[in-house]
Asks: 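Have a look at this one before I ask anything.
Sequence lines set the chain letters: A, B, ... in the order given, protein chains first and strands last, and positions in each chain run from 1. As the structure is a prediction and not an experimental result, all values here were calculated from the model. All heavy atoms count here, side chains included; hydrogens, waters and symmetry mates do not.
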Protein chains: 2
Amino acid sequence: MNQDFQNVRRRFITQWGALGSQWGINRTMAMIHALLLVAERELSTDEVMEELNISRGNANTNLRDLIDWGLVQRMVRPGERREYFAAEKDVWKIFCMVARERKRRETEPAQKVLEACIRDTETDDSPEAREFRRELTALSDFVSLANTVMEKVAAAEQSRVLPRILKVL
Amino acid sequence: MNQDFQNVRRRFITQWGALGSQWGINRTMAMIHALLLVAERELSTDEVMEELNISRGNANTNLRDLIDWGLVQRMVRPGERREYFAAEKDVWKIFCMVARERKRRETEPAQKVLEACIRDTETDDSPEAREFRRELTALSDFVSLANTVMEKVAAAEQSRVLPRILKVL
DNA sequence: CTGAACTTTCAGTAAACACTGAAATACAGA
DNA sequence: TCTGTATTTCAGTGTTTACTGAAAGTTCAG
């Protein structure tokens, strides 16, 4: 198989991994995702281990995390014990998955913190406490608005939403 | 000053810091930002150090990073050597700053990686290379579309954009 | 120019996070 | 049931990232 092509392919996987760590995603997870994205067929754990030079434990853990994110699916071949893995390739679906997951892990906890802090100072009507509540409420309202937007965007079809949004802007 | 209120205030700062690390933001930076957000007035480096129990170096570095992000401003009081720091409190402005910065740090590098990999396989018309390019092009197109959307949203006024987007959804 | 007040840098260290590899567990066919 | 194959877990270790504190740098009033 063409050597140059294989090199570019490997470079893509490595660099995508490096980018991943700038997002809150660990390098290996991003690399496995990249590998599966550009793989022509589903791969087994051993193939992933081999291609990326990582241990079984590492491969297993990160594959499971990718499955939790909804970015990778387990595939069973009839009559085979071994499991194979395939990445979702539709970019819009990937986007929706990531949006949903980040909402769950990031904005919802933030929302809870804000609401709790607002609630716990509710009975205090000193000027400082009022101001504190005012700040936090502004933040909280914004976060929940952002949540609503993300939710609706992620629930809709790409073909419907994006053209409309672009039109509005 | 009311003890309960001070406790909630501290809890908010701590928890906001913890949330920050889930985003790619380091804990101290998020905590300083939270502290300045709910501070009634601008604070000096020493006040930040004291309140958060961190070293001078740490405070200095993270304050500078916050300034780079555009989330915090240096304030000079006439006739005083010491510098004071104040956080931007308008949530929409905060959002725009963060969007701009994440675009610069995350989506633009991703874009470059994708484009380079597409370019470097352009002369290879084997089926695998074609498929590889197809995948990466889909990704690249999506990322650049997302970039455009972010850019326009961040450039616009909150009062104009959000109502329109909500209407569309 | 000097020295006090303040800020910045950075080598060394500490804390957080990710990875390995081997042991434990689960599963399917004989 | 037992046996071989595949997956999962996790204690120990390695790597990355963040923090400290002291030294160097900057600034300004006198």
Side-chain angles (χ1 to χ4, degrees), chain A residues 13-36 42-69 72-86 105-106, chain B residues 13-36 42-69 71-86 105-106 109:
Chain A
I13 292 168
T14 313
Q15 294 186 322
W16 202 250
L19 286 170
S21 42
Q22 297 206 299
W23 279 73
I25 293 158
N26 88 42
R27 200 206 326 283
T28 306
M29 186 166 151
M31 279 171 55
I32 296 180
H33 187 232
L35 171 62
L36 292 176
E42 61 265 35
L43 302 179
S44 65
T45 303
D46 291 77
E47 286 170 315
V48 171
M49 289 165 58
E50 166 127 1
E51 187 103 24
L52 304 179
N53 281 299
I54 59 176
S55 71
R56 185 170 301 281
N58 196 9
N60 183 69
T61 306
N62 283 291
L63 280 165
R64 182 149 33 72
D65 288 350
L66 283 165
I67 292 167
D68 289 345
W69 275 68
V72 164
Q73 273 197 304
R74 281 205 159 81
M75 316 287 280
V76 194
R77 292 188 185 170
E80 263 204 76
R81 253 318 263 303
R82 180 171 300 177
E83 292 173 335
Y84 290 83
F85 302 91
R105 302 178 167 229
E106 291 164 12
Chain B
I13 292 167
T14 313
Q15 294 186 323
W16 202 252
L19 285 170
S21 42
Q22 296 206 301
W23 280 74
I25 294 157
N26 88 44
R27 200 206 327 282
T28 306
M29 185 167 153
M31 279 171 54
I32 296 180
H33 187 233
L35 170 62
L36 293 176
E42 60 265 36
L43 301 179
S44 66
T45 303
D46 291 76
E47 286 170 315
V48 171
M49 287 166 58
E50 166 126 0
E51 187 102 25
L52 303 180
N53 281 299
I54 59 175
S55 71
R56 185 170 300 283
N58 195 11
N60 183 69
T61 306
N62 283 292
L63 280 166
R64 183 151 30 74
D65 288 350
L66 282 164
I67 292 167
D68 290 346
W69 275 67
L71 294 172
V72 164
Q73 271 196 306
R74 280 202 160 81
M75 316 288 280
V76 193
R77 291 189 185 170
E80 263 204 75
R81 268 302 279 298
R82 180 171 300 177
E83 293 173 335
Y84 289 83
F85 302 91
R105 302 177 166 230
E106 290 164 11

Asks: Kindly compute the distance separating CG (A:N53) from CE (A:M31), expressed to the nearest 0.5 Å.
Replies: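 Rounded to the nearest 0.5 Å, the CG-CE separation comes out at 8.5 Å.
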Asks: Please test B:E83 against B:T45 for side-chain contact (heavy atoms from CB on, under 4.5 Å), starting from the C-alpha separation and ending with a verdict.
Replies: CA-CA 7 Å; B:E83 293 173 335; B:T45 303; 5.7 Å; no
Asks: So if I take residues 21-34 of chain B and measure heavy-atom distances to DNA chain D, which residues fall below 4.0 Å?
Replies: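 Of all residues in residues 21-34 of chain B, the ones placing a heavy atom under 4.0 Å from DNA chain D are B:N26, B:T28.
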Asks: Would you kindly give the CG-to-C1' distance between B:N53 and D:dG21, to the nearest whole Å?
Replies: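 Distance, rounded to whole Å: 15 Å.
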Asks: Tell me the interatomic distance from A:D65, atom CG, to D:dT8, atom C1', rounded to whole angstroms.
Replies: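 After rounding, the gap between these two atoms is 13 Å.
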Asks: Rounded to the nearest 0.5 Å, what's the gap from CD on B:E47 to CD on B:E42? Could you check?
Replies: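 It comes to 9.0 Å.
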Asks: Restricting to nitrogen or oxygen on both sides, can you table the protein-nucleotides 5-10 of chain C pairs closer than 3.5 Å?
Replies:
residue, atom, partner, partner atom, Å
C:dA5, N3, B:R81, NH2, 3.0
C:dC6, OP2, B:R82, NH2, 3.4
C:dT7, OP1, B:E83, N, 3.0
C:dT8, OP1, B:R74, NH2, 2.9
C:dT8, OP2, B:N60, OD1, 2.4
C:dT9, OP2, B:R64, NH2, 2.8

Asks: Nearest 0.5 Å, what's the CD-OG distance between B:E50 and B:S44?
Replies: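 So the CD of B:E50 and the OG of B:S44 are separated by 9.5 Å.
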Asks: To the nearest 0.5 Å, tell me how far B:L63 CG sits from B:L36 CG.
Replies: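 Between atom CG of B:L63 and atom CG of B:L36 there are 6.5 Å.
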Asks: Between B:H33 and B:W69, does the side-chain contact (heavy atoms from CB on, under 4.5 Å) criterion hold? Intermediate values first, please.
Replies: CA-CA 11 Å; B:H33 187 233; B:W69 275 67; over 6 Å; no
Asks: Report the residue from A:N62, A:N58, A:L35, A:T28 that forms a side chain to side chain contact (heavy atoms under 4.5 Å, CB included) with A:V48.
Replies: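 Per the side chain to side chain contact (heavy atoms under 4.5 Å, CB included) rule, the option paired with A:V48 is A:L35, out of A:N62, A:N58, A:L35, A:T28.
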Asks: Between the main-chain N or O of B:L19 and the side-chain N or O of B:Q22, is there a donor-acceptor pair closer than 3.5 Å?
Replies: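 Looks like no, no N/O pair under 3.5 Å.
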